[in-house]
Amino acid sequence: MLVHSWYVCPYDVTSGPGGSVGRRCAMFRHVPVTPGPAGENWEEAEILGGPPGPGNGFTVVKLTAPLSVHSLVRADADFRRIPMGVPVIPLGDRPGWRTYLTTLGYTLEEVNGTGWTGTGILALLTTAASVVTTAANIITVLAGRRVAPKRVDQIETRLPTSGSDTID
Amino acid sequence: MGHQITRLLDDFNRADEGPPPSASWVASLNGGLQVVSNECAAVIGDEAASWNTLYLADQEFFVTISVPPPTGQYVVVYARLVTATDWNSNQYQIDMIATGGATDTVQFWKRFSGVWTQLGSDISLSPNIAIGDQVGIRLVGTDISAHYNEDNIGSRTDSDITGAGYGGLYISETIARLDDFGGGAFTSLPKRQQPNPAIIAR
């Protein structure tokens, strides 16, 4: 059975066109070709991250795959699963998320504005940051700001959802 | 690929010429491609050329494979290249890569702000790239799709490069040859020419 879940992961360095250096979503480590042999599929959208450059930056990924593949992904320390199935993120998990999201360039105001739900975090990750409070954040946000932010529903519609369920 | 909408731009049927293949082209990487025996070829490899006409953002470009790339080599069709003479300016492209295996590989790439980023996963192409196959890229808004012999074989969504641009070709080494390059601004078929789903469903 195919189930889907959302992850945040970095870009990996790879060979680009013309012998150049490029980057690609780290989901390649686990699902390099889609559709995979068991019907695996994924779609990614770049999110705010470190300064642009090969290997830098992060993506939010929606993976549709068998549980066995999700298990491999969840065991990868570079992947952080967004908990979509719980009403709110438990208090004990929030400091970790707060640190992670601020590392990605979001302000504390934006992080707190997620309402500590998986949906709120996903919305934050798939839209440009709107609040800038420090010089350091200005640099980060300007480097990563999208021209036209992708929306969750744009990603959602590109993946098959029938017959699948979240793993939360 | 909607050939009824965009058109053939260059059939390369003329005496050997270039690089670039004609005055309608400009080199975008290294020497640029050229006409050899009525086909588009790279003589030194790692060469690209742009059709030197700026098209609106919604655009498509396609080409026919006349000599498939051997194992490890690839050909590229690109679009929305911001600077016709600069392969390293912003652009989207699809890479058709010969793997030597039972299937070949298609990749989407974006060049943006000086960084190459592969968009999404590899796409497996079966059967392998063959003589006479047609490959193309279509950009409509933020949708990027790869087309292979009339079939949409995959698509991506990206919003970093949205303006007008140039289309063109790249050949990684010197063996692959291309033919019949076409494309231009893409406009959807008028509604009255589209099939009526209600009729199809009957």
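Each chain gets a letter, A, B and so on, in the order its sequence line appears, and its residues count up from 1. Keep in mind it's a predicted model, so treat the numbers as computed, not measured.
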Legend entry - B:Asp122 side chain near A:Phe28 side chain, heavy-atom distance below 4.5 Å: yes
Legend entry - Flag side-chain contact, heavy atom, 4.5 Å: A:Pro17 against B:Trp87: yes
Legend entry - Spacing of A:Asp12 atom CG and B:Gln118 atom CD [to the nearest 0.5 Å]: 11.5 Å
Legend entry - Rounded distance [0.5 Å steps], CG in B:Leu119 versus CD in A:Glu43: 9.0 Å
Legend entry - Pairwise distance CZ(B:Arg111) to OG(A:Ser20) - rounded to 0.5 angstrom: 6.5 Å
Inset, instruction - Against chain B, label A:Val61 side chain, backbone, both or neither, depending on which of its atoms sit under 4.5 Å from a heavy atom there. - result: neither
Legend entry - Engaged part of A:Thr59 at the chain B interface, taking heavy atoms whose separation is under 4.5 Å: neither
Inset, instruction - Please look at B:Gln93 and chain A and tell me whether the side chain, the backbone, both or neither of the residue comes under 4.5 angstrom of a heavy atom of that chain. - result: side chain
Legend entry - Residue among A:Pro32, A:Gly36, A:Gly16 with most heavy-atom pairs under 4.5 Å to chain B: A:Pro32
Legend entry - Proximal component of B:Ser172, with respect to chain A [non-hydrogen, under 4.5 Å]: neither
Inset, instruction - Mind checking ring-ring contact (aromatic ring centres under 6.0 Å, His included) for B:Tyr74 and listing every partner two or more places apart, or none if nothing turns up? - result: B:Tyr170
Legend entry - Heavy-atom side-chain proximity of B:Thr117 to A:Tyr11 below 4.5 angstrom: yes
Legend entry - Validation row: A:Val33, B:Ser124 side chains within 4.5 angstrom (heavy atoms): yes
Inset, instruction - For side chain to side chain contact (heavy atoms under 4.5 Å, CB included), just list the numbers for B:Asp158 and A:Glu46, CA-CA rounded to whole Å, side-chain angles, deciding distance to a tenth of an Å, and then say yes or no. - result: CA-CA 9 Å; B:Asp158 193 87; A:Glu46 185 174 359; 5.8 Å; no
Legend entry - Salt-bridge present (B:Arg156, A:Glu44; N to O < 4.0 Å): no
Legend entry - From CZ (A:Arg23) to CH2 (B:Trp109), nearest 0.5 Å: 10.0 Å
